[in-house]
Amino acid sequence: MSKKALRDALQQGIYTVINPVVRLLIKLGFTPNAVTTTGLILNIGVAAVFIVGGETSNRGELEYIGWAGALVLFAGLFDMLDGQVARLGNMGSTFGAMYDSVLDRYSEMIMFMGICYYLIAHHYLLSSLFAFIALIGSMMVSYTRARAEGLGVECKGGLMQRPERIVLIGVSAIACGITYSFIGADYKVYVPGIPFHVFETMSIFTLPLTVMAVMTNITAYNRLMDAKKAMQQKEMVTH
C-alpha cells in the first residue's frame with residue numbers, strides 16, 4: 001500500500017469515529033467557522049498551560065507538559081471536525097476554507113509560543129532554539145503548498161504535515177508527563193567518555209521537537225523542489 005493510500009485509509013477510519021460527534025455539533029448549531037474558532041481558543045489554552053508551567057513550576061517539574069499535551073490533542077481534534085462539519089452539514093464556503101487555514105496558522109504559532117516560553121523559563125535554551133526552528137519549518141511547509149497552489153501547481157505530501165505535527169507534540173508531551181510521574185525528573189543517561197548526560201526525562205518531549213525541527217524544513221524544501229519541477233514541466237508544455 002502506498003503512503004498516500006495508507007494516509008487516506010487512516011483518515012477515513014478517523015472520520016468513521018468522529019462523524020457521530022460531527023452530526024451532534026451540526027444539530028447543536030455549530031458552523032464550521034465556530035468549530036475552527038473553538039480550536040484556536042483551545043490552542044490559546046495550550047499556550048496558557050505552558051506559560052503557567054513556566055512561571056509557577058520549577059525546572060524538572062514536568063506535569064504541566066503532560067496536561068498541555070492532552071490539550072494539544074483535544075484542540076487538534078477540532079482541526080478535523082471543522083472540515084467534516086462543512087462537508088456533512090453542506091456548509092462549505094471559499095471563505096470558510098481560508099478562515100480555517102489562517103486560524104490553523106495562528107493556532108500553531110500560539111502553541112509554539114507557549115512551548116518556547118516554557119523551555120526558556122526552565123533554561124532549556126538549546127531545546128527552545130529547536131522548538132523555534134520547528135515553528136519556522138511548520139510555517140514553511142504550509143506556505144510552500146499555499147504559494148505553489150496559488151501559482152496553479154499542486155504541492156502536497158511530506159512526512160511532517162499538520163496532523164503529524166500535532167500528534168507528535170501531543171503524544172510526546174503526554175508521554176513526558178506520565179514518565180515523569182513514575183521516574184521523576186532526575187533520571188539521566190550518561191555515555192562513557194562524554195562529560196554530559198545524553199538523555200533525561202525531559203528528552204521525551206524535546207527530542208521529538210528536534211526531529212520535527214529537521215523534518216519540517218526537509219519537507220518544506222522537498223515541496224519547493226517538487227513545485228519547481230512541476231512549474232518547469234508546465235512551462236515546457238506551454239512553450
Side-chain angles (χ1 to χ4, degrees), residues 14 18 21-22 24-26 28-57 61-86 91 93 95-122 124 127-143 146 160-178 180 202 205-206 208-209 212-213 216:
I14 293 172
I18 68 173
V21 179
V22 170
L24 176 61
L25 290 174
I26 293 171
L28 293 174
F30 273 79
T31 65
N33 288 354
V35 176
T36 303
T37 303
T38 302
L40 173 65
I41 293 169
L42 289 172
N43 275 292
I44 293 172
V46 170
V49 172
F50 276 117
I51 290 170
V52 170
E55 286 296 312
T56 63
S57 64
E61 295 176 355
L62 309 179
E63 62 269 16
Y64 280 95
I65 293 178
W67 288 113
L71 192 53
V72 165
L73 293 183
F74 184 59
L77 179 63
F78 283 80
D79 285 343
M80 293 182 290
L81 289 175
D82 54 7
Q84 279 299 91
V85 167
M91 292 183 281
S93 68
F95 174 73
M98 181 175 179
Y99 185 78
D100 178 39
S101 296
V102 170
L103 261 65
D104 280 353
R105 302 292 82 73
Y106 270 114
S107 292
E108 199 157 10
M109 286 188 285
I110 289 168
M111 176 188 69
F112 271 108
M113 178 190 71
I115 292 172
C116 289
Y117 189 100
Y118 181 93
L119 294 172
I120 291 171
H122 286 182
Y124 295 101
S127 295
S128 69
L129 175 62
F130 280 115
F132 189 72
I133 294 172
L135 169 60
I136 293 172
S138 298
M139 293 302 103
M140 293 312 298
V141 166
S142 300
Y143 180 77
M160 276 294 160
Q161 300 181 60
R162 181 163 165 77
E164 289 95 323
R165 298 195 297 268
I166 294 301
V167 170
L168 184 62
I169 289 175
V171 170
S172 63
I174 292 172
C176 183
I178 292 174
Y180 161 74
M202 183 63 168
F205 180 57
T206 56
L209 282 176
M212 186 184 299
T216 51

Side-chain touch [X]/[Y], heavy atoms, less than 4.5 angstrom:
X	Y	answer
Tyr118	Ile65	yes
Phe132	Ile115	no
Tyr106	Asn43	no
Val171	Val72	no
Ser107	Arg162	yes
Val21	Leu77	no

Which distance, rounded to the nearest 0.5 Å, do you find between the [atom1] of [X] and the [atom2] of [Y]?
X	Y	atom1	atom2	answer
Leu135	Met140	CG	CE	11.5 Å
Phe30	Thr38	CZ	OG1	5.0 Å
Leu103	Thr36	CG	OG1	6.5 Å
Arg105	Met139	CZ	CE	5.5 Å
His122	Glu61	NE2	CD	7.5 Å
Asp79	Gln84	CG	CD	13.0 Å

Any idea how Phe78 and Phe74 line up, ring-wise: parallel (<30°), tilted (30 to 60°), or perpendicular (>60°)?
perpendicular
Plane angle bin for Phe205 and Phe50 - parallel if under 30°, tilted between 30 and 60°, otherwise perpendicular
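Parallel, since the angle between the ring planes stays under 30°.
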Is there a side chain to side chain contact (heavy atoms under 4.5 Å, CB included) between Asn33 and Met91 once you walk through the steps?
CA-CA 10 Å; Asn33 288 354; Met91 292 183 281; over 6 Å; no
Using the rule given for side chain to side chain contact (heavy atoms under 4.5 Å, CB included), can you reason through Met202 versus Leu119, listing the C-alpha separation, both sets of side-chain angles and the distance that settles it, and then say yes or no?
CA-CA 10 Å; Met202 183 63 168; Leu119 294 172; 3.3 Å; yes
Quick check: does any side chain N or O of Asp100 sit under 3.5 Å from a backbone N or O of Gly96, one acting as donor and the other as acceptor?
no
When you measure from the side chain of Ser172 to the backbone N and O of Ile169, does any donor-acceptor pair fall under 3.5 Å?
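At least one qualifying donor-acceptor pair exists.
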What heavy-atom pair brings [X] and [Y] nearest, and what distance separates the two atoms?
X	Y	result
Ser138	Phe112	OG-CE1, 3.9 Å
Gly45	Leu71	C-CD2, 3.6 Å
Val141	Thr216	CG2-O, 3.2 Å
Leu209	Ala134	O-CB, 4.0 Å
Ile51	Gly114	CG1-CA, 4.4 Å
Leu81	Leu25	CD1-CD1, 4.0 Å

Could you tell me whether the side chains of Ser93 and Tyr99 share a donor-acceptor contact shorter than 3.5 Å?
no
How far apart are the C-alpha atoms of Ile110 and Leu40, what are their side-chain angles, what is the distance that settles it, and do they pass the side chain to side chain contact (heavy atoms under 4.5 Å, CB included) test?
CA-CA 9 Å; Ile110 289 168; Leu40 173 65; 3.9 Å; yes
Sequence neighbours excluded - side chain to side chain donor-acceptor pair (under 3.5 Å) pairs with any residue from residues 47-56
Glu55-Tyr117, Thr56-Tyr64
